[in-house]
Amino acid sequence: MSRLQLTEEQGSELAACFRTTEDRRLRDRCQAVLMAARGRPQQQIAEDLGTTVRNVQRFLARCRARGLDGLKIQWAPGKTPLIPEERIRGMGPC
């Protein structure tokens with residue numbers, strides 16, 4: 001696969017995120033992209049990070065498409081509460 005090309009700004013942004021984030025998964029994703037940009041094969045990246053080659057491919061595709069924002073975890077909104085917020089606030093202390 002072709003080597004991932006990062007601008008100097010993208011590289012420094014990813015490196016800063018890698019150093020400062022407390023989210024292990026985001027850190028692994030940043031590290032995978034940085035390794036790929038240095039020319040490391042995807043199989044070795046997957047082995048180093050304890051993930052699959054397919055996941056590494058997904059990380060790289062997301063980074064190519066949306067940059068650092070593509071690597072961040074997208075949480076689902078979750079189920080709508082059964083009790084409306086207004087009723088909870090009106091209940092007062094027990």
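Basis for what follows: all heavy atoms, side chains included, without hydrogens, waters or symmetry-related copies.
In this structure the side chain of Val56 never reaches within 4.5 angstrom of the side chain of Thr52, judged on heavy atoms. In this structure the side chain of Asp48 reaches within 4.5 angstrom of the side chain of Arg40, judged on heavy atoms. Taking the side chain as every heavy atom from C-beta outward, Arg66 and Arg62 never approach each other to under 4.5 Å. Using a 4.5 Å heavy-atom cutoff, the side chains of Cys17 and Leu68 are in contact. Side-chain atoms of Gln42 and Leu60, non-hydrogen and from C-beta on, do get closer than 4.5 Å to each other.
Summarising the geometry, atom CD belonging to Glu47 is positioned 7.0 Å from atom CD belonging to Gln44; distances are rounded to the nearest 0.5 Å. Of the inter-residue distances, the one linking Lys72 atom NZ with Leu26 atom CG reads 7.0 Å to the nearest 0.5 angstrom. Once rounded to the nearest 0.5 Å, the distance linking CD of Glu13 with CG of Leu6 reads 10.0 Å. With rounding to the nearest 0.5 angstrom, the CZ atom of Arg54 is 10.5 Å from the CZ atom of Phe59.
The hydrophobic side chain of Val53 is isolated, with no ILVMFWY side chain under 4.5 Å apart from it.
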Between side-chain atoms of residues 27-34 and protein atoms elsewhere (two or more places apart, or another chain), which donor-acceptor pairs fall under 3.5 Å?
{"from": "Arg27", "atom 1": "NH1", "to": "Thr21", "atom 2": "O", "distance (Å)": "2.9"}
{"from": "Asp28", "atom 1": "OD2", "to": "Arg24", "atom 2": "NH1", "distance (Å)": "3.2"}
{"from": "Arg29", "atom 1": "NH1", "to": "Leu71", "atom 2": "O", "distance (Å)": "2.9"}

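Taking each heavy atom of Gln74 and Asp69 in turn, the nearest pair found is NE2-O, 3.9 Å.
Not counting sequence neighbours, the partners of Arg58 by the side-chain hydrogen bond (donor to acceptor under 3.5 Å, both in side chains) test are Asn55.
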